[in-house]
Amino acid sequence: MMILISFQSGLPDQTSDVAIGSDTYTVRVKWNYRFSFWSMTIYDRDSEVVIAGLRMVRDSALLKGLHIPGIDGDFAFIRTYGDKEEADFDSLGADYSLYYVTKDEIDAELSTTS
């Protein structure tokens with residue numbers, strides 16, 4: 001089951017907690033005004049940075065190729081409504097959403113497409 005990580009449209013810097021396995025992480029998203037994109041930073045329960053400044057690219061595995069202990073899946077930034085090719089400032093929490101997908105879900109999806 002994909003986990004929707006909830007954010008509100010129109011806020012340039014916000015956080016949301018997500019339970020992954022037996023751990024809780026804080027996901028912080030920020031709007032980059034200069035280059036017009038959303039970025040994501042993940043913190044562990046001790047507020048230590050796990051990974052910082054990932055550009056949130058539509059329909060991409062955001063952690064692809066990275067091994068992060070405790071996180072066995074990946075995050076995906078998905079257009080859920082409308083026809084915007086790229087997310088803009090008001091897109092997060094409106095027509096684009098951030099999801100966490102477990103490794104088992106990814107493997108199951110890949111096995112049905114191959």
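Bear in mind the structure is a predicted one, so any value in this text is a computation, not a measurement.
For L4 against L98, the heavy-atom pair with the smallest separation is CD1-O, 3.6 Å. For the pair D59 and R79, the tightest heavy-atom approach, listed with the atom from each and the gap, is OD1-N, 4.1 Å. The minimum heavy-atom distance between V27 and F75, with the atom names listed, is CG2-CE2, 4.1 Å. What you find for K84 and R58 is that their closest heavy atoms are O-NH1, 4.0 Å. The two residues Y99 and T80 have their closest heavy-atom pair at OH-CG2, 3.8 Å. Between F89 and G10, the closest heavy-atom pair is CZ-O, 3.4 Å.
Once rounded to the nearest 0.5 Å, the distance linking CG of D17 with OG of S6 reads 11.5 Å. With values rounded to the nearest 0.5 angstrom, D95 atom CG is found 13.0 Å from I78 atom CD1. Once rounded to the nearest 0.5 Å, the distance linking CH2 of W31 with OG of S36 reads 5.0 Å. We find the OG-CZ distance between S60 and R55 to be 10.5 Å, quoted to the nearest 0.5 Å.
Residues S39 and K30 form a side-chain contact, since some pair of their non-hydrogen atoms from C-beta on lies under 4.5 Å apart. Within the 4.5 Å cutoff, side-chain heavy atoms of I5 are placed close to those of S16. Looking at heavy atoms from C-beta onward, D90 lies in side-chain contact with S9 at the 4.5 angstrom threshold. Looking only at side-chain heavy atoms (C-beta outward), Q8 and Q14 come within less than 4.5 Å of each other. Y25 has its side chain within reach of I71: a pair of non-hydrogen atoms, C-beta onward, lies under 4.5 Å apart.
Ion pairing of R45 with D23 is present here, as a side-chain N (NZ or NE/NH1/NH2) and a carboxylate O approach within less than 4.0 Å. Taking the charged nitrogens against the carboxylate oxygens, D74 and K64 have no contact shorter than 4.0 Å, which rules out a salt bridge.
At least one donor-acceptor pair under 3.5 Å links the side chain of Y100 to the backbone N or O of G73. The backbone N or O of V57 sits nowhere less than 3.5 Å from a side-chain atom of W38 that would complete a donor-acceptor pair.
Cluster annotation: I51 and I20 are assigned to the same hydrophobic cluster (Ile/Leu/Val/Met/Phe/Trp/Tyr, side-chain heavy-atom contacts under 4.5 Å, transitive). A continuous path of ILVMFWY side-chain contacts below 4.5 Å connects L54 to L92, so both sit in one hydrophobic cluster. By the rule that hydrophobic residues join a cluster once side-chain heavy atoms approach within less than 4.5 Å of another member, L66 and M56 end up as members of one cluster. Hydrophobic clustering keeps I68 apart from Y43 (ILVMFWY residues linked when any side-chain heavy atoms are closer than 4.5 Å, directly or through intermediates). Linking Ile, Leu, Val, Met, Phe, Trp and Tyr residues whenever their side-chain heavy atoms come within less than 4.5 Å places I3 and M40 in a single cluster.
Other residues, nucleotides and ligands contribute more than 12 heavy atoms inside 6.0 Å of the CG atom of D46. The 12-atom threshold is exceeded at OH of Y33, counting heavy atoms of other residues, nucleotides or ligands nearer than 6.0 Å.
Between F37 and F35, the ring-plane angle classifies as parallel under the 30° and 60° cut-offs.
A ring-centre distance under 6.0 Å is found for F77 and Y96.
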